[in-house]
Structure formats: C-alpha cells, structure tokens
Amino acid sequence: MPRSAFVMRATLAAAAFAAAVLTAPQAVAADRPEVAFSATADATTRALAQADPQATAAAATVCGTGYALSKAIPLPVGTDPGLRLATLFSYTNGGKGCAIMDNNVGVSRYMSLKVCKVDGTGCDSDTGNFTQYAGPVYVSSIACAKVTAKMGTSSSNLSINYSSDYVFPCG
C-alpha cells in the first residue's frame, strides 16, 4: 500500500475513533434522562418517574425548559401503575404549571385535558384523538388549579373521567 493511502486511512480511522469517543457520553446520557423533581413530588410520583424516566423526561420537554415534575398519577385512579391506561403528569416552573396526559395504550384514543385557575378562569385545554399524549396545557397560577382528564374510545365512551383540585400544590 502506498504511504499516502496508509496515512489517509490512518487519519480517517483516528477521526472516526475521536468522533465515537466524543459522542459516547451523550449517548449514555440519552439512555438515562434526568428528571427534575419539584419539592412537592411524592413517593408515587418519584416511583413512576424512575420506572419510566424516558417518558417522564420527554413529557417535561414538551412543557418547555425549567419545568420540574410535581405529580404523576396513574389513570384510572386506583389502577395498578403497570396496568394504567394513561398517566397524568403535572410540572411546575415557579408559580406556573403544565400538564400532560400520556397515552399508555399505544393506539389512538379520544383524550381531553383541561386545567384552570382555582377560580375557574384562565383555562387551557387540548382535546382530540391522540396516540401519544394530550397537552401540554398551561396554567399561570398553580395554587389548587383544577385539572380534568378524560380518555376513551370516544367522548361518549370514557374509560377515564378524572377531575381534581390537587394535581398542583395548594399551598
């Protein structure tokens, strides 16, 4: 092999090796996404996030930067987390809130997610047929913001019809 061909191959091999080494830490970090928790996150929320950190981190990025996981609720309520149809995630960023309802069945379903300030004003909603998630929906004041989450084969055939004033912190 001529010397110039050898030098060229060695240079390409070194460049490929350097590229692999430089990108490896990023690939490893992508396999274990970090989820920021709010101070109000309970043990159930932390357990659900640790069981599926990629879905939890992905939902947080949908809300935007600076949001921390406040609550994760398996739906329907009372369902074993492994058998849930959906997961309602609430994220906080200062006094603002964001909610996402993750579709855990893997096929398109009618989904409706709505969040309002405690006085019933300032509502944001997302409704339609979704295979991944409904939302994000935002609220500018999280104190006891009311959240309504619905899911089913249609708006008249619901398997989830959830409403709570305690998805976001009240204090």
Task: Face-on cation placement of R109 at F130 ring, 6.0 Å and 45° thresholds - done: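 The answer is no; the distance or angle limit is not met.
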Strictly distance-based, threshold 3.5 Å: is any side-chain N or O of [X] a donor or acceptor partner for the main-chain N or O of [Y]?
X	Y	result
T92	G94	no
T45	A72	yes
N103	Y133	no
D165	V118	no
S159	M151	yes
S38	A68	no
D52	T56	no
D126	G135	yes

Would you check if [X] and [Y] make a side-chain contact, meaning some heavy-atom pair closer than 4.5 Å?
X	Y	value
L75	N104	no
T40	S70	yes
Y110	L158	yes

Open item on the list: Suppose the criterion is salt bridge (charged side-chain N to carboxylate O under 4.0 Å, His left out): which pairs have a residue in residues 66-90, not counting sequence neighbours?
Closed with: D42-K71
Open item on the list: Applying salt bridge (charged side-chain N to carboxylate O under 4.0 Å, His left out) as the test, list every pair that has at least one member in residues 134-143; sequence neighbours left out.
Closed with: none
TODO: Take K150 and I160 through the side-chain contact (heavy atoms from CB on, under 4.5 Å) test and state the conclusion after the steps.
DONE: CA-CA 5 Å; K150 298 178 182 184; I160 296 171; 5.8 Å; no
Task: Residues S125 and T127: side-chain donor-acceptor under 3.5 angstrom - done: no
Task: Residues T131 and S108: side-chain donor-acceptor under 3.5 angstrom - done: no
Task: Closest approach of A59 to F89 (non-hydrogen atoms, all atoms of both residues) - done: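 Scanning both residues completely, I find the closest heavy atoms to be CB-CD1, 4.1 Å.
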Open item on the list: For the CZ atom on F37, are there more than 12 heavy atoms of other groups (residues, nucleotides or ligands in this structure) within a distance under 6.0 Å?
Closed with: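 It does: F37 CZ has more than 12 such atoms within range.
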Contacts under 3.5 angstrom, residues 137-148 side chains, donor-acceptor by atom type, not counting sequence neighbours:
from, atom 1, to, atom 2, distance (Å)
Y138, OH, C63, O, 2.8
K146, NZ, S163, OG, 3.4

Task: Atom pair CD1/OH of I73 and Y166 - distance to nearest 0.5 Å - done: 13.0 Å
Open item on the list: Hydrophobic clusters here meaning ILVMFWY residues chained together by side-chain heavy-atom distances under 4.5 Å, can you tell me if M101 and V107 are in one?
Closed with: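 Yes, M101 connects to V107 through the hydrophobic network.
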Task: Joint hydrophobic cluster, V115 plus V167, side-chain heavy atoms closer than 4.5 Å - done: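 Yes.
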